[in-house]
Amino acid sequence: IVLRALPSTEHDSFAPEARTAFWSTPYTVTAQSNRQGYRFEGATLDYAPKAELRSHVIVPGIVQVPGGGQPIIQLADSATMGGYPKIAAVIEQDIWRVAQARPGETVRFEHADLATATKAGVDDEAFFIGVEFAGDIFSDYFGFHICLARYCIPDKASLIAKNTKTSKIIPRPNPVSLATCLECSL
C-alpha cells in the first residue's frame, strides 16, 4: 500500500537518516492498530532534538513518532491533541487506504508536494461528480432521484457541477426538492 504524504511540522528536525528511511523503506502494520491510530514497525526514526514538545493540535492523517521511533498514523477516533513529533501528514485522499490495511501488511510513504495533494483532491471531486451524473442517468431511467447528500439544498435549489476541462459551473437542469430527494428525506 502506497500512502502519499506531505512533510509535517517537525519533519526537518528528524535525523537525515530517519527522513531517508521514512520515505524509502516499508513499514508493517502492527496488531495494536485501531480506529484511533495505526501503529507500524520498521526502520527506527530518530528525532534529533531530545527536548519534549508541547501538546499541539493533531488531525487524522498526521504521522506522529513517539519515543520508540515507530510511526503512528492518527485516524478518525484519534485524540485532538498530541505531543509527539510529526514527520508527515498522509493526504486526505489516501487515509481510507490506511484503514483498509490489516496487521502484517506493509505500507510505504511516498513524498508528495502540495500540487500532488491538490490534484488528488480535484480528481476525487471529479469522481464524485461523475457518480452524481451516473445517478442522474439512473433517475431518468428508473424515475427517481439519487443524490449525494452534500449537494442537497432546501427549496428546490439547483444542484451544480464543475466542468473539469473548462472550470465552468454548470447548473443541473432539474432542481430537486427535499421532498423528492431520497437521501435527504431519511
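Throughout, residue positions are numbered sequentially from 1 according to the sequence presented. Computed over heavy atoms, backbone and side chain alike; hydrogens, waters and symmetry mates excluded.
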**Student:** With rounding to the nearest 0.5 angstrom, report the CD1 to CZ distance, Ile1 to Arg102.
**Tutor:** 10.5 Å

**Student:** In Å, rounded to the nearest 0.5 Å, how long is the span from OG1 of Thr30 to CD1 of Ile72?
**Tutor:**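 Nearest 0.5 Å value for the OG1-CD1 distance: 8.5 Å.
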
**Student:** Please answer: with hydrophobic residues joined when any side-chain heavy atoms are less than 4.5 Å apart, are Ile58 and Ile95 in the same cluster?
**Tutor:**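 No, Ile58 and Ile95 fall in different hydrophobic clusters.
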
**Student:** Between Tyr27 and Val63, is any pair of side-chain heavy atoms under 4.5 Å apart?
**Tutor:** no

**Student:** Within the side chain of Ser33, is there an N or O that forms a donor-acceptor pair under 3.5 Å with the backbone of Arg39?
**Tutor:** yes

**Student:** Roughly how far apart are Thr20 OG1 and Leu45 CG, rounded to 0.5 Å?
**Tutor:**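 Thr20 atom OG1 to Leu45 atom CG measures 10.5 Å (nearest 0.5 Å).
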
**Student:** Do the side chains of Leu3 and Ile73 get nearer than 4.5 Å, heavy atoms only?
**Tutor:**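 In contact.
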
**Student:** Under 4.5 Å between side-chain heavy atoms, counting indirect links through other Ile/Leu/Val/Met/Phe/Trp/Tyr residues: same cluster for Phe14 and Leu53 or not?
**Tutor:**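 Yes: a chain of side-chain contacts under 4.5 Å links Phe14 to Leu53.
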
**Student:** If the condition is ring pair (Phe, Tyr, Trp, His ring centres under 6.0 Å), which residues does His56 pass it with, not counting sequence neighbours?
**Tutor:**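 His56: no ring pair (Phe, Tyr, Trp, His ring centres under 6.0 Å) contacts found.
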
**Student:** Can you confirm whether Ile62 sits close enough to Ser8 that some side-chain heavy atom of one is under 4.5 Å from a side-chain heavy atom of the other?
**Tutor:**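 Ile62 reaches Ser8 side chain to side chain.
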
**Student:** Considering only heavy atoms from C-beta outward, does the side chain of Gln100 approach that of Glu105 to under 4.5 Å?
**Tutor:** no

**Student:** Using the ring of each side chain (for Trp, its six-membered ring), is Phe109 parallel, tilted or perpendicular to Phe22, with breaks at 30° and 60°?
**Tutor:**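 Aromatic pair Phe109/Phe22 classed parallel.
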
**Student:** Okay, side chain of Tyr38, backbone of Ala101: is any donor-acceptor separation there less than 3.5 Å?
**Tutor:**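 Yes: the side chain of Tyr38 pairs with the backbone of Ala101.
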
**Student:** Of all heavy-atom pairs between Pro7 and His111, which one has the smallest distance, and what is that distance?
**Tutor:** CG-NE2, 3.2 Å

**Student:** Write out all pairs satisfying salt bridge (Lys or Arg N to Asp or Glu O under 4.0 Å) with one or both partners inside residues 13-34, taking only residues at least two apart or from two chains.
**Tutor:** none

**Student:** Identify the heavy atoms of Ala5 and Trp23 that sit nearest to each other, and give their distance.
**Tutor:**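 Result for this residue pair: O-CH2, 3.6 Å.
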
**Student:** Which residue pairs pass the salt bridge (Lys or Arg N to Asp or Glu O under 4.0 Å) test when at least one of the two sits in residues 61-86, sequence neighbours left out?
**Tutor:**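 Found Glu10-Lys86, Arg35-Asp77.
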
**Student:** Given side chains that start at C-beta, do those of Val65 and Gln70 come closer than 4.5 Å, heavy atoms only?
**Tutor:** no

**Student:** If hydrophobic clusters are built from ILVMFWY residues whose side chains come within less than 4.5 Å, do Val2 and Ile91 share one?
**Tutor:** no

**Student:** When rounded to the nearest 0.5 angstrom, what distance separates OG1 in Thr25 from CZ in Arg108?
**Tutor:**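 Here the rounded value is 10.0 Å.
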
**Student:** Is a side-chain donor or acceptor of Tyr84 paired with a backbone partner of Gly67 at a separation under 3.5 angstrom?
**Tutor:** no

